[in-house]
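Following: one structure in structure tokens, then a few remarks.
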Amino acid sequence: MRRLIGSWREALSAKIGKEFGTEIGPGDISIDFPPKPELGDATTNVAFTVARKCGMNPAEAASRIRDLRLEAVERIEARGPYLNFFLDRAEAVGYLLDGVAPAPEMSAKVIVEHTNINPNKAAHIGHLRNAVLGDTLVKALRFLGHEVEVQNYIDDTGVQVADVVVCFREILGYGFEEVRREAEKEKPFDIFCWELYAKSPKYYEADPDNLNKRYETLHLIEEGDSETARIGEFVASSMVNCHLRTMDRLGIRYDLLPHESDILKNGFWNRCFSMLKESGSIEYIPPDSEDKMRGCWVMRLSGNKEFEGLSDADKVIVRSNGTVTYLGKDLAYQLWKLGALGKDFGYVESEGAPYMIWRTAPAEMGPAERKFGGGQKVFNVIDVRQSYLQKIVREGLKMLGREKEAESSVHFSYEMVALSTRFIREEIEKGRLPAADEKDLAKPFIEMSGRKGLAYIADHLIDALVERAKAEIEKREPETPAGEVSDRAAVLARAALKYYILKFSRNQVVAFDLNEALSFEGETGPYIQYASVRAGNILRKAEEKGEIVPSVVDKEAVARLIPLLDNDGWGILSLFLRMPFVVSRAVELRELNLIARNMYEIAQAFHNYYHKAPVLQEEDEGKRKARLLFISIFARLFEDHLGDLLGIETPRRM
RNA sequence: GAGCCUGUAGCUCAGUGGAUAGAGCACCUGCCUCCUAAGCAGGGGGUCGUGGGUUCAAGUCCCGCCAGGCUCACCA
């Protein structure tokens, strides 16, 4: 399809050169899609450009360009300044079914890093937004022909893990064995840790000395080889497996779990540290200095134009107690991802995961059966609140002389998920959240906080969606066996959740409202799935009636029947033409809602057609066969796009 | 204080400088003897926060202002 439109651009460029003696390159000619089907299948406003260059009326320019032949185009109409293309429909169907040929420049390896949940508590709905965006980005990139590696970074040595370990040791008085036993109890361990972690602020506030426990524990975890360290490792790996299970319920998986502890164990940080010192990117503040950062290694940013206006722009990379901050570790990780570190991890199969997945390990644990990292392009899916830090990491790459790598590393930022105050009020009434400040409740939404326990847990939302879906299925078909109800409910729940998250543009704060998330009607995932199911129903019914469905690969049938198809049917197929453009634009702008909403628009058009144009009841055989062929093409294209791009499956029945 | 983001229908949100500003929810009216109504058709509802500017053309670009959110730690 891309090739088809490329050929149009070239032909238009040549025609304009000949007709007006002015040069407009093929790359400067925009091919768009008209707002209404009557205006054709594709359009260009190049006449405006020509008119401006030659000082003439755009409509006149359009009428002079109009007279030319374009591949698979039956006719071109000049409508005022717009040139509208009407395709040779039977020929165009061939292009649609061929799919998207990858462009040659697309072969480079792309790494997408997403999810990255601190392994100290259950995942909440904010993490769902990250994972769904990340996973959809991966699918979009693959759709466009890229080789993609998906990494879920595990910060197993950070303060967050230390906090939960402190809670286990100091509040509950647990040793390793007790923690392990807790994990075997019926209550999900991630939920247990969620509740325990929410107790940490009170513990730290109770006595200033308690804060020392945090750093002692952090240190012990980084050193390893102690009971405290074993608890830390156990908690982190158990949490990772909980998170993998949660995301797997949505069909979201990863290729590799890079662990922060392995960045330290494999000397990645040491290598990065020397690179930083050698390039003079960081400097040591003597312990006897008056500076409040004395004893630390800092990155000087105060003279940097990018960081103007900050009262104190310098950033600590190594703390005065010798431990590395997140920045240092992330910089080392970024360098490795971009193939600029000159070191590699060892790799082993991750234990206890719900499916086979690789994790990093000390390099001496054997040669890697697979090679990871070294991406030409890296997407870091991280919410907007970390923009400042991401900017510093990027600046670090530049200070190391890695300008090109800094350009190839993209922060895919998106706004947070907050809780709508309407929803919070409901939860308070039901006693599921503690009473909140009236001043906060006057706002439209409140930011979530794992520390305060003010958040909605991902699994609880998925459970609620599954329950809702089960109820709907049982209402419609009470005889359905329980196993089938569960399977179908899971598929519906997944679609509802993904669409609910994807329909927002990335800079929009999602003020979470359970009722909206639980909706299966209107602009929702199940509505889109229903279009797919309905197409399938027609084909199934046709077979039951002994009606022969023309094959989509039968060129002769396509050439004979497509011209008999009504305009409405064709209009729906024509919507698939724009999919590759929508997807590449979505990736370029990092606005994945474009893809989701485009699928919704197609579903909407199909539902309308379904009512307007009965297929099996149509008496005229030519028309009936044409519609059957259309349904068959639609079913295939729609189901494929839905699965490949959004990871939404089509249930057998609804 | 500085930086980033947001402001479009009662509510939640879409909206490539281009064709009559859209969708869902809610509300009202119709449509199940019909390929399953998780659906369809129709209706009411808009100073696109505000004031300037650029342009043949501005919800969209630029500047000011107003309102709200996030960020600016030896936490990540």
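Chain A is the first sequence line, chain B the second, and so forth, proteins listed ahead of strands; every chain is numbered from 1. No experiment lies behind these values; they were computed from the predicted model shown.
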Between A:Tyr204 and A:Arg214, is there a cation-pi geometry (under 6.0 Å to ring centre, at most 45° from the normal)? yes
Could you list the protein-to-nucleotides 5-8 of chain B atom pairs, N/O on both sides, closer than 3.5 Å?
| residue | atom | partner | partner atom | Å |
| --- | --- | --- | --- | --- |
| B:C5 | O2' | A:Asn507 | O | 3.3 |

Protein and nucleotides 29-36 of chain B: nitrogen or oxygen contacts under 3.5 angstrom:
| residue | atom | partner | partner atom | Å |
| --- | --- | --- | --- | --- |
| B:C35 | N3 | A:Val615 | N | 3.1 |
| B:C35 | N4 | A:Tyr610 | O | 2.1 |
| B:C35 | N4 | A:Ala613 | O | 3.3 |
| B:U36 | N3 | A:Met654 | O | 2.2 |
| B:U36 | O4 | A:Met654 | N | 2.7 |
| B:U36 | O4 | A:Met654 | O | 2.5 |

Over all strands shown, is A:Asn515 touching base, sugar-phosphate only, or nothing at heavy-atom distances under 4.0 angstrom? nothing
Side chain to side chain donor-acceptor pair (under 3.5 Å) against A:Glu222, all qualifying residues, sequence neighbours excluded: none
In whole angstrom, give the distance that lies between atom CG of A:Asp291 and atom P of B:C74. 10 Å
Taking the side chain as C-beta and beyond, is there a heavy-atom pair between A:Asn537 and A:Arg653 under 4.5 Å? no
Find the distance A:His219:NE2 to B:C74:C1' and express it as a whole number of Å. 13 Å
Name the nucleic acid region contacted by A:Gln529, choosing base, sugar-phosphate or nothing; use a 4.0 angstrom heavy-atom cut-off, strictly under. nothing
Between A:Gly569 and A:Phe630, which heavy-atom pair has the shortest distance, and what is it? O-CE1, 3.2 Å
Any base atoms under 4.0 Å from A:Phe48, or only sugar-phosphate, or nothing? Heavy atoms, all strands. base
Between B:G15, B:G69, B:A19, spot the one nearest the side chain of A:Lys443, thanks. B:G69
With the side chain defined as heavy atoms from C-beta on, A:Asn593 is closest, among B:A14, B:A76, B:U71, to B:A14
Quick one: label A:Leu211 by what it contacts on the DNA or RNA (base, sugar-phosphate, nothing), any heavy atom closer than 4.0 Å. nothing
Shortest side-chain distance from A:His607, nucleotide among B:C74, B:U16, B:G39: B:G39
Please produce a list of atom pairs where a protein N or O lies less than 3.5 Å from an N or O of nucleotides 21-24 of chain B.
| residue | atom | partner | partner atom | Å |
| --- | --- | --- | --- | --- |
| B:A23 | O3' | A:Gln604 | NE2 | 3.3 |
| B:A23 | O2' | A:Tyr600 | OH | 3.1 |

Check: A:Phe634 ring centroid to A:Tyr609 ring centroid under 6.0 Å: no
Just to verify, what does A:His114 make a ring-ring contact (aromatic ring centres under 6.0 Å, His included) with, not counting sequence neighbours? A:Tyr254
Starting from the 5' end of RNA chain B, give me the residue, A:Tyr82 or A:Arg451, whose nearest nucleotide shows up first. A:Tyr82
One thing to verify: whether A:Glu474 and A:Lys470 come together as a salt bridge, which I'm taking to mean a side-chain N less than 4.0 angstrom from a carboxylate O. no
I'd like to know whether the aromatic ring centres of A:Tyr499 and A:Tyr527 sit less than 6.0 Å apart in this structure. no
Side chains of A:Tyr530 and A:Phe606 in contact at under 4.5 Å (non-hydrogen atoms): no
Classify the nucleic acid contact of A:Leu389 as base, sugar-phosphate or nothing, counting any heavy atom under 4.0 Å across all strands shown. base
Starting at the 5' end of RNA chain B, which residue's closest nucleotide do you reach first, A:Thr325 or A:Leu589? A:Leu589
Pairs counted as Watson-Crick or G-U wobble with both distances under 3.5 Å: what dot-bracket string results for RNA chain B, using | for bases tied to another strand? (((((((..((((....[...)))).(((((.......))))).....(((((..]....))))))))))))....
Contact class for A:Arg294 (heavy atom, under 4.0 Å): base, sugar-phosphate, or nothing? base
Do we see a donor-acceptor contact under 3.5 Å between the side chains of A:Asn380 and A:Gln334? yes
Write down the distance separating the C1' atoms in B:U6 and B:U60, rounded off to the nearest Å. 15 Å
